Amino acid sequence: MEAAAENVVLVESLRAAVPLHMTQLASRSPEELIRIAAESATIVGSHGDVLQFRSTKRGQTAKAFNALARGLAAGALVAWGGATFAGLHWCTVRHCPGPDAEHPNPVQGK
């Protein structure tokens, strides 16, 4: 994670991309968000190295980046306390300072 936090292009790109994905995913059910986060984790887990060392295959780095941003967004929407990565934090609490801040209790299924 330290290496990711030092990658200014990655951090600034995530700063913009994750909120956009959160907006796009906001109407999804918790079950669907969990599935999206798991699928994203699989992609990042198997191809995440291209985020640090660009892929020579066209589109591979973009695919890994989008999976990371989408997975963080899904996690931020469904996980109590949001998602934190590379020094950045996203959650459903507006202007939340971080994972240790006050968060409302999670809502149990509808």
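Small disclaimer: the values here were computed from a predicted structure and weren't measured. Counting from 1, the numbers follow the sequence of the chain as shown.
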Student: For the atom pair CG (Leu14) and CZ (Phe85), what is the distance rounded to the nearest 0.5 Å?
Tutor: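 Separation between the atoms: 6.5 Å.
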Student: Do Arg70 and Ile36 pass the side-chain contact (heavy atoms from CB on, under 4.5 Å) test, and can you show the C-alpha distance, the side-chain angles, and the key distance before you say yes or no?
Tutor: CA-CA 8 Å; Arg70 188 170 171 86; Ile36 290 167; 3.7 Å; yes
Student: If you compare all heavy atoms of His89 against all heavy atoms of Gly81, which two are closest, and at what distance to 0.1 Å?
Tutor: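 What the structure gives for the nearest pair is CE1-O, 2.8 Å.
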Student: Are the side chains of Val11 and Glu6 in touch, meaning some heavy atoms are under 4.5 Å apart?
Tutor: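 Side-chain contact under 4.5 Å: no.
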Student: Once rounded to the nearest 0.5 Å, what's the spacing between atom NE2 of His47 and atom OG1 of Thr42?
Tutor: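 Rounded to the nearest 0.5 Å, the NE2-OG1 separation comes to 10.0 Å.
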Student: Within the structure provided, determine whether Trp90 and Leu77 are in side-chain contact (heavy-atom separation under 4.5 Å).
Tutor: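 Contact flag for Trp90/Leu77 side chains = no.
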Student: What closest approach, in Å, do Gly75 and Ala83 show between heavy atoms, and which atom pair accounts for it?
Tutor: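 The pair with the smallest heavy-atom distance is C-CB, 4.2 Å.
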Student: Taking all heavy atoms of Leu25 and all of Ala73, pick out the closest pair and write down the distance.
Tutor: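 Closest approach of Leu25 to Ala73: CD1-CB, 4.2 Å.
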Student: Just how far is it from atom CG of Leu10 to atom OG1 of Thr61, taken to the nearest 0.5 Å?
Tutor: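 Answer for the CG-OG1 pair, Leu10 versus Thr61, is 11.0 Å.
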Student: Determine the minimum heavy-atom distance between Val9 and Ser13, stating which atoms define it.
Tutor: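 That would be O-OG, 2.7 Å.
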Student: Let's go through Leu88 and Val18 carefully: what are the C-alpha distance in whole Å and the side-chain angles of both, what is the deciding distance for side-chain contact (heavy atoms from CB on, under 4.5 Å) to 0.1 Å, and is it a yes or a no?
Tutor: CA-CA 10 Å; Leu88 299 174; Val18 174; over 6 Å; no
Student: Looking only at heavy atoms, which two atoms of Ala17 and Ala69 are closest? And how far apart?
Tutor: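 Ala17 and Ala69 have their closest heavy atoms at CB-CB, 3.9 Å.
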Student: Are Ile43 and Ile34 linked, directly or through other ILVMFWY residues, by side chains that come within less than 4.5 angstrom of each other?
Tutor: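 Ile43 and Ile34: separate clusters.
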Student: Measuring from atom CZ of Arg28 to atom CG of Leu33, what distance do you get when rounded to the nearest 0.5 angstrom?
Tutor: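 These two atoms lie 7.5 Å from each other.
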Student: Between Glu39 and Arg35, is there a side-chain N and carboxylate O pair less than 4.0 Å apart?
Tutor: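 A salt bridge links Glu39 with Arg35.
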Student: Determine the minimum heavy-atom distance between Cys91 and Gly82, stating which atoms define it.
Tutor: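 What the structure gives for the nearest pair is CB-CA, 3.4 Å.
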Student: Go through the steps to decide whether Val50 and Lys63 satisfy the test side-chain contact (heavy atoms from CB on, under 4.5 Å), and finish with yes or no.
Tutor: CA-CA 10 Å; Val50 299; Lys63 180 179 177 182; over 6 Å; no
